[in-house]
Amino acid sequence: MGPFGLVVLPLRGLGRILRGERAGIDQIGSASRAGWILSFIIPAVLAAPAYAWMTLQRFAELEFEPASAADFGIEALGYVVGIVAFPNISYLLCERLGRREPWYDYVAAYNWATVPQIALYLPVALIGANDAVPGPIAFLFGVVAVIAAIAIHFRVARVVLEITPVQALLLVAVDLAIGQFIARIVDRLHGF
């Protein structure tokens, strides 16, 4: 299977989900064990370079110079924990919501949703790194990107799990809380 089957087809399926078509999940490949596993690996690999660049930008803003490979290891570990933490906790939540079976499809779609979300964050990080852009403008772009990323996750949860808006907001809030918790631990490990 070439790039079309591994990347383009799942992203098309995600697009269909974002338009409200639950059948888009068929293009993501979560029905097979290999497709479900690849829904973790491929989006993570696609997002890793942007995440690494944004991490270096964050280091520069904090005037932090990584002293050793351990500093990069802390970031890598935080990235991997971030990839697996929410899916595991969301399983428990989906089980409580009576949506255990569609959880597999949801996690696959959630993982693929990382790709457009990082595509939103990267330009904002580039704008923020440009000293010519006024701070309030960069902040506004950041707010818009975060709102769009939240909307993507909300839509994926609503369509794939077929849950209420309040339940979808619960999943989004838990995801954001986990992300912030992991970020704080990583910062502590760096000594910030």
Side-chain angles (χ1 to χ4, degrees), residues 1-48 50-51 78-124 141-183:
M1 184 178 299
F4 181 80
L6 292 175
V7 177
V8 177
L9 197 59
L11 288 175
R12 283 186 180 172
L14 177 65
R16 289 181 63 197
I17 290 168
L18 294 176
R19 288 190 303 273
E21 299 174 39
R22 191 181 190 292
I25 200 70
D26 296 338
Q27 292 175 285
I28 290 179
S30 60
S32 75
R33 179 173 289 178
W36 193 77
I37 291 169
L38 287 174
S39 79
F40 280 84
I41 296 169
I42 295 172
V45 168
L46 292 173
Y51 179 83
Y79 184 68
V80 171
V81 169
I83 290 170
V84 298
F86 178 73
N88 282 294
I89 293 170
S90 71
Y91 178 81
L92 299 172
L93 292 171
C94 286
E95 193 171 47
R96 299 280 297 174
L97 296 172
R99 306 306 298 153
R100 187 175 66 173
E101 285 304 314
W103 172 83
Y104 293 95
D105 291 338
Y106 165 66
V107 167
Y110 165 85
N111 289 337
W112 277 104
T114 302
V115 176
Q117 288 170 330
I118 204 80
L120 291 167
Y121 292 142
L122 186 58
V124 170
F141 277 106
V143 169
V144 170
V146 168
I147 290 170
I150 288 170
I152 289 169
H153 185 181
F154 176 82
R155 185 69 169 165
V156 166
R158 286 270 296 140
V159 171
V160 177
L161 291 171
E162 299 173 318
I163 56 177
T164 68
V166 171
Q167 292 169 329
L169 283 174
L170 169 70
L171 286 166
V172 170
V174 168
D175 183 27
L176 291 171
I178 291 169
Q180 287 302 305
F181 181 71
I182 292 168

- What's the verdict on side-chain contact (heavy atoms from CB on, under 4.5 Å) for Arg12 and Val8, showing C-alpha distance, side-chain angles and the deciding distance? CA-CA 6 Å; Arg12 283 186 180 172; Val8 177; 3.9 Å; yes

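- For the atom pair CG of Leu11 and CG of Leu46, the computed distance is 7.5 Å after rounding to the nearest 0.5 Å.
- For Phe141, the CZ atom sits in a loose shell: 12 or fewer heavy atoms of surrounding residues, nucleotides or ligands are nearer than 6.0 Å.
- Taking a cutoff of 4.0 Å between a charged side-chain nitrogen and a carboxylate oxygen, Arg22 and Asp105 qualify as a salt bridge.
- The shortest heavy-atom contact between Cys94 and Tyr106 is SG-CD2, 4.4 Å.
- The CZ atom of Arg96 sits 9.5 Å away from atom CG of Leu92, with the distance rounded to the nearest 0.5 Å.
- Counting all heavy atoms, side chain and backbone alike, Ile118 lies closest to Pro123 at O-CD, 4.5 Å.
- Here Ile178 contributes atom CD1 and Ile89 contributes atom CD1; the two are 3.5 Å apart, rounded to the nearest 0.5 Å.
- For Gln167 against Ile163, the heavy-atom pair with the smallest separation is OE1-CB, 3.2 Å.
- Between the side chain of Arg155 and the main chain of Leu18, a donor-acceptor pair closer than 3.5 Å is present.
- At least one donor-acceptor pair closer than 3.5 Å links the side chain of Asn111 to the backbone N or O of Val107.
- For the 3.5 Å distance criterion, the side chains of Ser90 and Trp103 qualify, holding a donor opposite an acceptor.
- For the pair Ile28/Ile25, a side-chain contact is recorded, criterion being any heavy-atom separation below 4.5 Å from C-beta on.
- For Gln27 against Gly13, the heavy-atom pair with the smallest separation is OE1-CA, 3.4 Å.
- Exactly one residue among Tyr110, Phe181, Tyr91 makes a ring-ring contact (aromatic ring centres under 6.0 Å, His included) with Phe86. That residue is Tyr110.
- The neighbour count for Arg33 CZ, taken as heavy atoms of other residues, nucleotides or ligands under 6.0 Å away, does not exceed 12.
- Rounding to the nearest 0.5 angstrom, the gap separating the CG atom in Leu171 from the CG atom in Asp175 is 8.5 Å.
- In this structure a side-chain-to-backbone donor-acceptor pair under 3.5 Å is present from Trp36 to Tyr104.
- A distance of 12.0 Å separates CD1 in Ile17 from CD1 in Ile152, rounded to the nearest 0.5 Å.
- Scanning all heavy atoms of the two residues, the minimum distance from Ala44 to Tyr79 falls at O-OH, 2.7 Å.
- Here the CD1-CG distance, from Ile83 to Asn88, works out to 12.5 Å after rounding to the nearest 0.5 Å.
- The two residues Ala109 and Val160 have their closest heavy-atom pair at CB-CG2, 4.0 Å.
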